[in-house]
Amino acid sequence: MRLSKYFIPTIKENPSEAHIISHTLMLRSGMIRQSSAGIYVWLPTGLIVMNKIANIVREEQNRAGAIEILMPTIQPAELWQKSGRYDAYGKEMLRITDRSNREMLYGPTNEEMITDLFKNTVKSYKQLPLNLYHIQWKFRDEVRPRFGIMRGREFLMKDNYSFDLDFEGAKESYNKMYVAYLRTFARLGLTAIPVRADAGAIGGDLSHEFQILAETGESTLYYDKDIENFDLADLKADIDDATVAKLRSYYAMEEEKHDADNCSVAPENLKRAKGIEVGHIFYFGKKYSESMGAKITGPDGNEVDVEMGSYGIGVSRLVGALIEANHDENGIVWPEEVAPYKVGIINLRFKDENCSAACDSLYSKLLDHGVEVLYDDRDAGAGTKFADMDLIGLPWQIIIGPKGLDKGAYELKNRRTGERTEHSVKEILEKLG
Ligand code: ATP
Ligand code: MG
């Protein structure tokens, strides 16, 4: 992409409305613009990153056997009246009336809709287990929308729902998602701690929140510091049962549920830290199938209410969480997996014909090699170009000016380490292609 023909409206100063670094950097690097409180326009690079995250989430869901569908954002109130949540949900729900005076709502989550879909399509235990997901916008009229897209009112979520004949099956579905979540966050290079979200209740330990440690997080956790010996961000490969069992044996609990007097962790091992909730998995049994009449015929011919669980990932929140975990004083430092482009070319001397020709040529070669490249071909000063490229945060930069070209050298900069090395075109193509 040529920056001169693109759309990245960067901002020089720190916007006064932003109170955490990810919000500041998303605004400054031109990824988002606010439309109204907690509602954002996603600009090109913001959208690319969000889509890349969504794709990793999708791949891991598919790998775990979940099946993608797409449910609408607008739901009939009737479904929520059946489950009993229509009144209970309160002011966080955006309620809408259509032209025929029918009560509708903008979905904050989809348990009701999916239970209704299941009820109308699945009749027998033979069609189970079933796990359906979608990646769809949600609306929650949060009391305090803040921190940009981290706590938005409109936000993108991956949510899925498992259906099983019995508790054993439901537990298996839950465990599959537990592993899928570990893999998803590991692929994003994030250390997400699985935190017990429900101490007792029906599901035993079948409710976990996945929390990323960050000083700007809104939750406070207590956890056994031995969990840090697990390189959670490095769990991409095989996550076997032993690893899962070990992880689940560690204590990690939200502050509200932490009981200091009855905590099993030795005081010297107990750590308190702030976290960002990026995912939540949850077994809830027959709560919705009972109230909404989602029954299946079991092997003995009798009808039973189907066992369910739900699993959410904050896809748009992850964009912010990733920036909280990957930035320095000059801007964002994208991990390669989700970077909007892999490499940026900086043409230091736009008016120099040789220099521009060399940049143009390298740009086409990189494109031919399938490299995602952002080419700063603007008629702007070197200082502006350096600052913007650091701010946008692509993993690699190629800096091209007349001095280097005289020696046939192209400068390659690693955004994360700051290391600069000189290369021929051939070497650059080998390294990045
Ligand atoms: P929170 O405690 O942060 O309000 P929640 O418990 O309401 O989260 P869930 O209903 O479990 O969230 O939703 C699943 C995921 O969606 C969360 O783990 C989070 O990553 C994301 N999420 C929830 N609310 C928001 C929001 N207002 N803005 C952006 N992402 C959100
Ligand atoms: Mg909430």
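Atom set for the values below is all heavy atoms of this structure, side chains included, hydrogens, waters and symmetry mates excluded. One-based numbering, in listed order, for ligands and for the atoms of each.
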Participant: Return a yes/no value for I313: is any of its N or O atoms, backbone included, closer than 3.5 angstrom to an N or O of ligand 1?
Facilitator: no
Participant: Under a plain distance cut-off of 3.5 Å, with no hydrogens placed, do Q136 and N110 share a side-chain donor-acceptor pair?
Facilitator: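 Looking only at side-chain atoms, Q136 and N110 do not form any donor-acceptor pair under 3.5 Å.
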Participant: Among all protein non-hydrogen atoms, which one is nearest to atom 28 (N) of ligand 1, and what is the separation to 0.1 Å?
Facilitator: G152 N, 3.1 Å
Participant: What protein heavy atom sits nearest atom 21 (C) of ligand 1, and how far away is it?
Facilitator: G314 CA, 3.6 Å
Participant: Quick one: do the E111 and T109 side chains pair a donor with an acceptor below 3.5 Å?
Facilitator: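 Short answer, yes.
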Participant: Should R317 and E277 count as an ion pair when the cut-off is N to O under 4.0 Å?
Facilitator: no
Participant: Considering heavy atoms of the protein only, find what lies nearest to atom 9 (P) of ligand 1 and give residue, atom and distance to 0.1 Å.
Facilitator: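 Answer, as residue, atom name and distance: R140 NH1, 3.8 Å.
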Participant: Would you kindly say whether Y251 and H258 are connected by a side-chain donor-acceptor distance under 3.5 Å?
Facilitator: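 On atom types as modelled, these side chains qualify, holding a pair under 3.5 Å.
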Participant: Among all protein heavy atoms, pick out the one at the shortest distance from atom 1 (P) of ligand 1; state its residue, atom name and that distance to 0.1 Å.
Facilitator: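 Answer, as residue, atom name and distance: R151 NH2, 3.4 Å.
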Participant: Any side-chain donor-acceptor pair under 3.5 Å between N347 and D376?
Facilitator: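 Side-chain D/A pair, N347 to D376: absent.
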Participant: In terms of residue, atom name and distance, what is the protein heavy atom nearest to atom 29 (C) of ligand 1?
Facilitator: M150 O, 3.3 Å
Participant: Give a yes/no verdict on whether any heavy atom in D159 is under 4.0 Å from an atom of ligand 1.
Facilitator: no
Participant: Hey, is D390 close enough to K413 for a salt bridge, meaning N to O under 4.0 Å?
Facilitator: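 Salt bridge flag = yes for K413 with D390.
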Participant: N/O to N/O below 3.5 Å, does that happen between S316 and ligand 1?
Facilitator: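 Between S316 and ligand 1, no N or O pair is found under 3.5 Å apart.
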Participant: Which atoms from ligand 1 have a heavy atom of I149 less than 4.0 Å away?
Facilitator: 29 (C)
Participant: Can E209 be said to touch ligand 1, with heavy atoms closer than 4.0 Å?
Facilitator: no
Participant: For F155 and W137, I'd like to know if the aromatic rings sit close, meaning centre-to-centre distance below 6.0 Å.
Facilitator: no
Participant: Cut-off 3.5 Å, side chains only: do Y161 and D159 have a donor facing an acceptor?
Facilitator: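 The answer is yes; a qualifying pair exists.
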Participant: With a 4.0 Å cut-off on heavy atoms, does V278 reach ligand 1?
Facilitator: yes
Participant: Are the ring centres of F167 and Y283 closer than 6.0 Å?
Facilitator: yes
Participant: For atom 22 (N) of ligand 1, what's the nearest protein heavy atom and its distance?
Facilitator: F155 CE1, 3.6 Å
Participant: Can you pull out the closest protein heavy atom to atom 13 (O) of ligand 1? Residue, atom name and distance to 0.1 Å, please.
Facilitator: M157 CE, 3.4 Å
Participant: Identify, for atom 20 (O) of ligand 1, the protein heavy atom at the shortest distance, and state residue, atom and that distance.
Facilitator: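 Ranked first by proximity to atom 20 (O) of ligand 1 is E277 O, 3.0 Å.
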Participant: Any salt bridge between E78 and R102, counting N to O under 4.0 Å?
Facilitator: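 Salt bridge absent between E78 and R102.
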Participant: Could you list which atoms of ligand 1 come closer than 4.0 Å to a heavy atom of E142?
Facilitator: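 By the 4.0 Å cutoff, the relevant atoms are 24 (N), 26 (C), 27 (N).
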